[in-house]
Amino acid sequence: MTRDLVRDDVVLSSRTWVVKVGTSVLASADGTLDLERIHHLAEQICAVAETGRRVALVSSGAVGAGLGRLGLTKRPDNLPELQAAAAVGQSYLIRAYDEGFRRHGRNAAQLLLTHEDFDSRPRYLNMRNTLAALFEYRAVPVINENDTISVDEIKFGDNDRLAAMVANLLQAPLLVILSVAAGLCRTDPGSSGHGDVIPLVKNLDDAALGLAGQSKSALGTGGMRSKLQSARLVTHAGGSVIITSGKADRPLTRILAGESVGTLFLAKGQSQGARKRWIGLTARPKGQLIIDRGARLALETGNRSLLAIGITEILGEFEKGDIVAIRDADGHEFARGLINYSAVESRRIRGLRTDQVLQALGEVPYAEVIHKDNLVVLG
Ligand code: GLU
């Protein structure tokens, strides 16, 4: 067994784990679910939980299992049939996990979510409270996208992204993605050769992303590239990510034992607070502000609030309290923030000094359009 100190440090110190499992890991030869694998996973998750850690599971596999249960050999190309398959598969999936967990004295708790649940601050906080209560009850949250009602506008894209958002919600220091790939390889497995797995990526930058190529898994929706993009949401918020094979022998217990399995992507910088994670990395912006160079400099280097005078243009419609993207004159999005004014008000006050804001609106409810405590400069 190979050990390394960086791993030991990440694994031993992480008290909350989010584990994501892909469809291809769970699929059985007959097109339904590999129950033995699910029970092994449940056993490992319970072993991690027995150390006092909080573990949440994000599991795909509903659509795939549903297709198998319905005896469909071909994936339907229309949404209602796919959503029906997801409904059939999800109940089978959660039953399999529940059976697995109950052997070790824990219950499975089903959470089906859409992106809208993460955009809305009250729903987001409710979700966090519910998860906290579930951990108290020693239950294992089993989370999936609410496929039966999800349409493009409210979709996550794929479950790798959902898992990253759950990790940020829980401020989990560790996200483990169990896929069919053994980790990030030196050459794209989709291309000619199989490269060696890279054990450690200190900085998940564009060069690392380039190694992923455009490969896509056969059954699931994501490929290595989408995994890395999701992993970045976590590393930027101050968590670490391990991508490893879910088909290998006991991946979770081996990670817990400090073994160097898969690729570890290290957190970038300090852990960000929960509220800033939500503003900068989770909620989807409703509109956009274009700001001038001076304002950009003040936000980036001065840790300052955004004032009306620095805003040159407002795009889209939003209300007070919504999240907006902040772009520079070249259109580059470099920050996000929770705005104090609606789009209508913002259009009336853009470019104005505070005394002119008073004239334009008849009052100045907020000196700043976005307060620095509600503003996140993106990495
Ligand atoms: N929610 C889908 C399912 O359970 C999977 C989405 C994904 O793998 O990204 O079938």
Side-chain angles (χ1 to χ4, degrees), residues 18-28 30-35 37-38 41-42 56-98 100 108-118 127 140-167 175-181 212 214-234 241 243-247:
V18 174
V19 177
K20 187 260 168 179
V21 193
T23 299
S24 306
V25 173
L26 301 176
S28 62
D30 68 354
T32 60
L33 289 175
D34 183 343
L35 295 178
R37 186 170 316 280
I38 290 187
L41 272 171
L57 176 66
V58 174
S59 180
S60 302
V63 174
L67 297 179
R69 295 284 274 189
L70 291 169
L72 303 175
T73 47
K74 197 173 133 279
R75 196 181 167 92
D77 46 22
N78 69 76
L79 201 56
E81 283 176 27
L82 271 175
Q83 292 183 320
V88 170
Q90 181 64 31
S91 71
Y92 185 41
L93 185 67
I94 196 74
R95 191 145 44 91
Y97 278 118
D98 194 49
Q110 173 173 264
L111 284 85
L112 299 177
L113 307 171
T114 68
H115 206 309
E116 282 182 330
D117 301 320
F118 285 82
M127 202 168 9
V140 183
V142 180
I143 303 167
N144 196 358
E145 178 153 18
N146 195 348
D147 291 310
T148 54
I149 55 156
S150 277
V151 287
D152 277 352
E153 299 75 63
I154 58 171
K155 261 190 178 310
F156 294 99
D158 59 50
N159 271 1
D160 298 320
R161 197 176 167 82
L162 169 59
M165 286 163 63
V166 171
L175 165 66
V176 180
I177 298 182
L178 297 178
S179 91
V180 279
Q214 298 293 345
S215 60
K216 213 169 171 321
S217 101
L219 299 172
T221 52
M224 186 52 79
R225 200 179 172 78
S226 95
K227 286 186 176 38
L228 296 194
Q229 278 160 344
S230 301
R232 234 186 207 188
L233 287 178
V234 175
V241 179
I243 298 180
T244 189
S245 167
K247 294 214 159 196

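Both counts, for ligands and for their atoms, begin at 1 and track the order of listing. Just so it is clear, the values below take in all heavy atoms, side chains as well, and ignore hydrogens, waters and symmetry mates.
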Could a heavy atom of G61 be found less than 4.0 Å from some atom of ligand 1?
yes
Going by the order shown, which atoms of ligand 1 are within less than 4.0 Å of some heavy atom of S60?
4 (O), 5 (C), 7 (C), 8 (O)
If we count only N and O atoms by modelled type, under 3.5 Å, do the side chains of D147 and Q90 hold a donor and an acceptor together?
no
Hey, are the side chains of I243 and L228 touching, using non-hydrogen atoms and a 4.5 Å cut-off?
yes
For ligand 1, which is the ligand I care about here, please tell me if E145 has any N or O atom under 3.5 Å from one of the ligand's N or O atoms.
no
Can you sort out which atoms of ligand 1 are near D158, meaning under 4.0 Å from one of its heavy atoms?
9 (O)
The complete set of side chain to side chain donor-acceptor pair (under 3.5 Å) pairs with one or both residues in residues 59-74, sequence neighbours excluded, reads S59-Y97, S60-N159
Counting heavy atoms under 4.0 Å, the part of N144 that contacts ligand 1 is side chain
So, is K20 polar-close to ligand 1, with some N/O to N/O distance under 3.5 Å?
no
For ligand 1, the portion of V63 having any non-hydrogen atom under 4.0 Å away
both
Has D158 got a side-chain atom pairing as donor or acceptor with R161's backbone, closer than 3.5 angstrom?
yes
Under the rule for ring pair (Phe, Tyr, Trp, His ring centres under 6.0 Å), what residues qualify as partners of Y92, not counting sequence neighbours?
none
For ligand 1 and N159, I'd like to know whether there is a polar contact (N/O to N/O, distance under 3.5 Å).
yes
Under the 3.5 angstrom rule, does the side chain of D98 hit a backbone N or O of A108 as a donor-acceptor pair?
yes
